[in-house]
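Below is one structure; the comments refer to it alone.
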Amino acid sequence: MKVDGQHMRSIELAGDGWSCNVIDQRLLPHRIEWASLETLAEACTAISEMWVRGAPLIGITAAYGVALAMHADPSDASLDCAYRELAATRPTAINLLWALDLMRTTLESVEPRAREQAAYEQAAKMAEQDVRSCEAIGEHGLGVLQEIAEQRDSAGPLRILTHCNAGWLATVDWGTALAPIYKAHALGIDLMVYVDETRPRNQGASLTAWELAQEGIPHALIVDNVGGHLMQHGMVDLCIVGSDRTTATGDVCNKIGTYLKALAAYDNDVPFFAALPFSTIDWSVRDGVQEIPIEERAQREVTHIRGVNSRGELDELSLAPQHTRALNFGFDVTPARLVTKIITERGVAEASEQGLSELYKLARGAHTS
Ligand code: MRU
C-alpha cells in the first residue's frame with residue numbers, strides 16, 4: 001500500500017541481500033523508521049517486542065529469522081535453535097508455527113551448505129504468497145461489501161466497524177480485514193470506517209487510522225466501548241476483523257475485545273465477518289475457547305499509555321494508582337456461531353467445520369487439477 005503516495009511493504013530484504021528491514025511499528029503514526037534485522041536474536045526481539053505484529057507478518061518475520069540463523073550457521077543445531085527461539089516469541093498467532101514448520105520441513109531435506117540460499121528463497125516465496133493471499137481476500141471481501149451495500153435500506157456511505165489493525169502493516173501488503181475496504185475504495189464505493197482504538201496498545205488508533213488516512217478513506221476513531229451503541233442505533237452496516245488463529249470449526253481468535261463486538265453485532269443483526277488467510281487456520285484445534293493459548297502481556301501496557309508529548313517526544317504516561325495490578329490478556333475467542341462468514345483467499349465460507357473444509361477441498365482440487 002502507499003505511504004505519502006509511495007508504495008511500501010512492511011518487511012523487505014535489504015540491499016545487501018541477507019539482512020532484513022522492517023517498519024518499527026512501535027513508532028507509528030508519529031515516525032516511520034526502518035529497523036534492520038541482522039541476527040536471529042534481533043528477529044526474536046522484533047516479534048516479541050512488537051516492532052512487527054499481526055499474525056501474517058509475524059509468520060513472515062519468523063521465516064526471515066530462520067534465514068538469518070542459516071546465514072550465520074546452517075547446521076542442524078542452528079536450525080533447531082532458530083525454530084525453538086522463534087516459536088517462543090508469541091503464543092497465540094498460529095502463522096508463527098505455520099511459517100516455522102514450513103521453513104524447517106524445507107530446510108531439513110537440504111544439505112547444510114545449501115541451506116542459506118534455500119532459506120532465503122523459501123522466505124521470499126512465503127512473503128509473495130502472503131501478498132497474493134491478502135489481495136485475493138480483498139477481492140472476495142469486496143463481493144461481500146458490494147452485496148451488503150446493494151441490499152441495505154439506508155443511503156449514504158457503507159459503514160464498517162473494525163477492531164485492532166488488520167491492514168497491510170499486519171501482513172506484508174494489503175492486509176486481511178482492510179483489504180476489501182481498500183478494494184472497495186479503489187472502485188469508488190462510498191465508505192465510512194469506524195476504528196476501535198483497541199486498548200491497551202491502541203493498534204486501531206495508531207496503525208489502522210494511519211493506514212486509512214494514507215489511502216484517503218473516511219474514518220472515525222472510536223473508543224472500544226462505543227461499538228455497541230453505534231450498532232444499537234443502526235449506524236453500522238457490517239463488522240470486519242482479522243484473526244490470529246481460527247479453529248477447524250470456525251471459532252475466531254483475535255485481538256482482545258473482538259468477542260464483545262461480535263456479541264453486540266449478533267444482538268443487533270449486524271453481519272460480523274472475519275478475514276484471514278488459510279495459514280491462520282489451526283486444523284488441530286476444535287474448541288477455540290478451551291484450546292487456544294491466550295497471550296498475557298506486561299501489566300505496564302494497561303497501567304501506562306504511550307504517545308507523543310507536547311514537545312513532540314515519544315513518551316509514556318501513568319494512568320492508574322501506583323502498584324495497581326492489571327490483567328492484560330492479548331486475545332479472545334469469538335465462537336463460530338457469532339461469525340456470519342469467514343473471508344479467505346480461496347473464497348467465502350460458513351464459519352463451520354463443513355464450510356472451511358469444503359473450501360479447503362475445493363481449493364486443493366483446483367490446485368491439483
Ligand atoms: O497483538 P497484535 O497487534 O499482533 O494483534 C494483531 C491482531 O489481533 C490482528 O487483528 C490479527 O493479527 C489479524 S492481522 C491481519
Side-chain angles (χ1 to χ4, degrees), residues 1 9-11 22-26 28 46-62 89-99 130-131 133-138 141 161-182 195-211 224 239-246 252-262 272-282 288 292-298 301-302 306 328-334 339 342-345:
M1 302 306 292
R9 285 184 175 181
S10 60
I11 184 166
V22 294
I23 297 176
D24 185 344
Q25 299 191 21
R26 295 169 307 169
L28 288 172
I47 298 172
S48 59
E49 301 290 317
M50 292 175 69
W51 309 3
V52 294
R53 24 71 50 208
L57 181 58
I58 289 171
I60 302 303
T61 308
T89 51
R90 293 194 72 188
T92 302
I94 194 63
N95 306 59
L96 176 66
L97 293 182
W98 168 85
D130 185 70
V131 177
S133 294
C134 288
E135 184 168 11
I137 288 171
L161 185 142
T162 190
H163 191 70
C164 194
N165 172 259
W168 67 269
L169 288 166
T171 64
V172 179
D173 205 351
W174 284 103
T176 56
L178 293 196
I181 294 174
Y182 290 136
V195 179
D196 280 352
E197 62 175 349
T198 321
R199 277 283 286 153
R201 287 188 72 108
N202 293 311
Q203 290 94 329
S206 54
L207 305 178
T208 302
W210 182 75
E211 280 195 30
D224 291 327
C239 300
I240 184 164
V241 300
S243 173
D244 289 84
R245 196 186 292 218
T246 298
V252 172
C253 179
N254 191 48
K255 179 53 58 193
I256 194 82
T258 302
Y259 171 49
L260 289 177
K261 292 301 139 65
F272 187 94
F273 298 93
L276 50 110
F278 263 63
S279 53
T280 302
I281 301 175
D282 185 343
I292 296 179
I294 300 295
E295 178 175 21
E296 210 176 332
R297 296 188 58 89
E301 290 183 350
V302 179
R306 287 171 64 88
N328 188 10
F329 290 104
F331 300 91
D332 60 26
V333 174
T334 299
V339 179
I342 293 180
I343 303 166
T344 78
E345 71 273 41

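Atoms within a ligand are numbered from 1 in the order they appear, just like the ligands themselves. Each residue takes its place number in the sequence, starting with 1. Values below: all heavy atoms of this structure, side chains included; hydrogens, waters and symmetry mates excluded.
- Separation of atoms OG1 (Thr162) and NZ (Lys261) is listed at 10.0 Å; rounding is to 0.5 Å.
- For the residue pair Thr334 and Tyr259, the shortest heavy atom distance occurs at OG1-CA, 3.3 Å.
- Of the listed options Asn254, Leu207, Thr92, Thr198, Asn254 places a heavy atom closest to atom 10 (O) of ligand 1.
- At a 4.0 Å heavy-atom cut-off, ligand 1 touches Ala55 through backbone and side chain alike.
- Looking at Gln25, its side chain does come within 3.5 Å of a backbone N or O of Leu169 through a donor-acceptor pair.
- Within the 4.0 Å heavy-atom criterion, neither part of Glu295 lies near ligand 1.
- Looking at Arg297 and Glu295, a side-chain N of the basic residue comes within less than 4.0 Å of a carboxylate O on the acidic one, giving a salt bridge.
- Ligand 1 has no N or O atom lying under 3.5 Å from any N or O atom of Gly242, backbone or side chain.
- In Arg201, neither the side chain nor the backbone holds a heavy atom less than 4.0 Å from any atom of ligand 1.
- No heavy atom of His163 sits closer than 4.0 Å to any atom of ligand 1.
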(request) Give the intermediate values and the outcome of side chain to side chain contact (heavy atoms under 4.5 Å, CB included) for residues Tyr182 and Glu211. (result) CA-CA 10 Å; Tyr182 290 136; Glu211 280 195 30; 2.6 Å; yes
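- For ligand 1, the atoms lying closer than 4.0 Å to a non-hydrogen atom of Arg90 are 1 (O), 2 (P), 4 (O).
- For the residues Ala170, Gly54, Ser243, the heavy atom positioned nearest atom 13 (C) of ligand 1 is part of Ser243.
- For Pro56, the closest heavy-atom approach to ligand 1 falls below 4.0 Å.
- Applying the 4.0 Å criterion to heavy atoms of Met50 picks out, from ligand 1, the atoms 1 (O), 2 (P), 3 (O).
- Asp332 places no side-chain N or O within 3.5 Å of a backbone atom of Ile256 that could act as its donor or acceptor partner.
- Not a single N or O atom of Thr171, backbone or side chain, sits closer than 3.5 Å to an N or O atom of ligand 1.
- The CD1 atom of Ile11 sits 12.5 Å away from the CG atom of Asp173 when rounded to the nearest 0.5 Å.
- Under a 3.5 Å cut-off, the side chain of Asn165 and the backbone N or O of Gly204 do not form any donor-acceptor pair.
- With hydrogens left out, the protein atom closest to atom 6 (C) of ligand 1 is Arg53 NH2, 3.5 Å, a heavy atom.
- Using a 4.0 Å cut-off between a side-chain N of Lys or Arg and a carboxylate O of Asp or Glu, Lys255 and Asp244 do not qualify as a salt bridge.
- Heavy atoms from both the backbone and the side chain of Lys255 come within less than 4.0 Å of ligand 1.
- Comparing Asp244, Asn165, Val241, Thr176 against atom 15 (C) of ligand 1, the shortest heavy-atom distance belongs to Thr176.
- Using a 4.0 Å cut-off between charged side-chain N and carboxylate O, Asp224 and Arg199 make no salt bridge.
- Proximity to Gln203 (heavy-atom distance under 4.0 Å) selects the following atoms of ligand 1: 1 (O), 2 (P), 3 (O).
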